[in-house]
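Contents: one structure, followed by commentary.
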Amino acid sequence: MAVYRRYIKKAPRLDTVPEDTLVFVWVFLLVLTGFMVKGYRIAVSEVSPTDWAMWSPLGYLVAKIFPTFDTGIKNEILVWHRALIHTIPAFIFLGYIWLIRSRLQHVLLSPLNVFFRSLKPKGALNPINLESTEIFGVSRIEHFTWKQLLDLDACTRCGRCQDACPAYFSGKALNPKKVIQDLKAHLQDVYPIPFVRQAIESRADMVTEVITEEVIWDCTTCRACQQACPIYIEHVDKIVDMRRSLVMERSQLPESAQQALQCLTAREHPWRGTTATRTDWAAGLGVKVLSEDSNIDVLYWVGCTAALEERNMKVSAATTKILQAAGINFGILGSEESCCGDPARRMGDEYLFQTLCQKNIELL
Ligand code: SF4
Ligand code: SF4
């Protein structure tokens, strides 16, 4: 089935390299020689056709065509052929997989990656301890955690993440499968000797050359790639970690992101062009504002987009009418509400995110 999909159907998300053909041929020969060894064993033990041998039809077939040598010769063949045509090639194959770091490593590493998958709520990003850290984000491969590096080696190159990515489909430079594969290739360049933690210092810059800035900024952090990945690889935290490095260590970010962050800093919302206030949408709806009347049961957190973006104001007005019709005693923070900080966080400015977060926590 794998051969059919890769060489006949040629699914676009599968990229086939010469190593794949070598692996297929090698596995085929190991399976074939496995049946031959099994056949020898059946022939030597001379089991009856009605016995368990029938449950190994290919091995049984080999046993039938195994020449009728003396038992001694059969035993010789069984010992030496098994070593020469099956056991030794199988061990060479295993050595090849781990020394060349073939993608077939995923047979072992993918289940491990599933076992160690993140159990955090979906979309939650790891915070940075701004008080103690000396590294903001990830600019070198060794800054990733062991689990993030395991992700790279475990990838099966199945391409499901590529098929799910809206940025890839809209023709952008980002391809989540390629991000993982490029980081994996970089990991192997930096640590060329398997199982030896000796890093090479002369290397390409990870956040501008290995993964370009364009790719890092193309991601919308929608998580469609992670949802599609059968082995729970996390693309978004790696991309956001690289953004954090660009933003917090190098101040390298696109103009649109820069303007949104400036707006967040100055006006506590990301909508640069708007002249609306946080309560314009509520005009005439009779919504309580906490600073004027704190006698409420439920706080309606409106958020920047629903309060300030013209198309979304209808949504907050409609939500208000539903709450009123349901008889819920609620209110809003109005001008005291500030951004929850999520846009800053997803753009890599963890410091601004934590500042906005803290302000909201203190207010509440
Ligand atoms: S999170 Fe980023 S990489 Fe993943 S599917 Fe969305 S846009 Fe693509
Ligand atoms: S879906 Fe997961 S395993 Fe498949 S190519 Fe993407 S990252 Fe690799």
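Since the structure is predicted, the reported quantities are computational estimates derived from the model, not experimental observations. Whatever order the structure lists ligands and atoms in, that order sets their numbers, starting from 1.
Using a 3.5 Å distance cut-off with no hydrogens or angles, the side chains of Glu336 and Ser291 do not pair a donor with an acceptor. Asn175 and Gln181 share no side-chain donor-acceptor pair at under 3.5 Å. No hydrogens or angles considered: nothing links the side chains of Ser110 and Asn113 as a donor-acceptor pair under 3.5 Å. Donor-acceptor pairing under 3.5 Å is recorded for the side chains of Asn329 and Lys288. Residues Gln162 and Arg13 have side chains that never bring a donor and an acceptor to within less than 3.5 angstrom of each other.
Proximity to Cys222 (heavy-atom distance under 4.0 Å) selects the following atoms of ligand 1: 1 (S), 5 (S), 6 (Fe), 7 (S). Atom numbering of ligand 1 starts at 1 in the shown order; those under 4.0 Å from a heavy atom of Val236 are 1 (S). The Thr156 neighbourhood of ligand 2 comprises atoms 3 (S), 4 (Fe), 8 (Fe), with distances under 4.0 Å to a heavy atom of that residue. Numbered from 1 in the order shown, with element, the atoms of ligand 1 that lie under 4.0 Å from a heavy atom of Cys165 read 3 (S), 5 (S), 7 (S), 8 (Fe). Remark: ligand 2 atoms within the under-4.0 Å shell around heavy atoms of Pro230 are 1 (S). Near Thr220, with a cut-off below 4.0 Å to any heavy atom, the atoms of ligand 1 are 2 (Fe), 6 (Fe), 7 (S). Near Arg223, meaning under 4.0 Å from one of its heavy atoms, ligand 1 places the atoms 1 (S), 6 (Fe). Near Pro166, with a cut-off below 4.0 Å to any heavy atom, the atoms of ligand 1 are 5 (S).
No more than 12 heavy-atom neighbours from other residues, nucleotides or ligands sit within 6.0 angstrom of CD on Glu134. At most 12 non-hydrogen atoms from other residues, nucleotides or ligands lie less than 6.0 angstrom from CD of Glu310. Heavy atoms from other residues, nucleotides or ligands lying under 6.0 Å from CZ of Phe330 number more than 12.
For atom 8 (Fe) of ligand 2, the closest non-hydrogen atom on the protein side is Cys155 SG, 2.3 Å. Summary of contacts: the protein heavy atom closest to atom 1 (S) of ligand 2 is Cys161 N, 3.3 Å. Looking at atom 3 (S) of ligand 1, its nearest protein heavy atom turns out to be Leu174 CD2, 3.6 Å. Looking at atom 4 (Fe) of ligand 1, its nearest protein heavy atom turns out to be Cys225 SG, 2.3 Å. If you check which protein heavy atom lies closest to atom 2 (Fe) of ligand 2, you get Cys229 SG, 2.4 Å.
The shortest separation from a heavy atom of His106 to ligand 2 is not under 4.0 Å, leaving the residue out of contact. Under a 4.0 Å heavy-atom criterion, Gly159 is in contact with ligand 2.
Between Leu356 and Glu268 the shortest side-chain heavy-atom distance falls below 4.5 Å. Side-chain contact between Asp241 and Phe136 is absent, with no heavy atoms from C-beta onward closer than 4.5 Å.
Heavy atoms of Asp218 found under 4.0 angstrom from ligand 1: none, in either backbone or side chain. Residue Ile233 touches ligand 2 through its side chain alone, judged by heavy-atom distances below 4.0 Å. Neither the backbone nor the side chain of Pro176 has a heavy atom within less than 4.0 Å of ligand 2.
When distances to atom 8 (Fe) of ligand 1 are checked against a cut-off of 2.8 Å, His235 contributes no N, O or S atom below that limit. Distances from atom 4 (Fe) of ligand 2 show that Cys158 has an N/O/S atom below 2.8 Å.
A single hydrophobic cluster is not seen to contain both Leu261 and Leu125; linkage of ILVMFWY side chains at heavy-atom distances under 4.5 Å, directly or through other members, places them apart.
When all heavy atoms of Leu30 and His86 are compared, the closest pair comes out as O-CE1, 3.0 Å.
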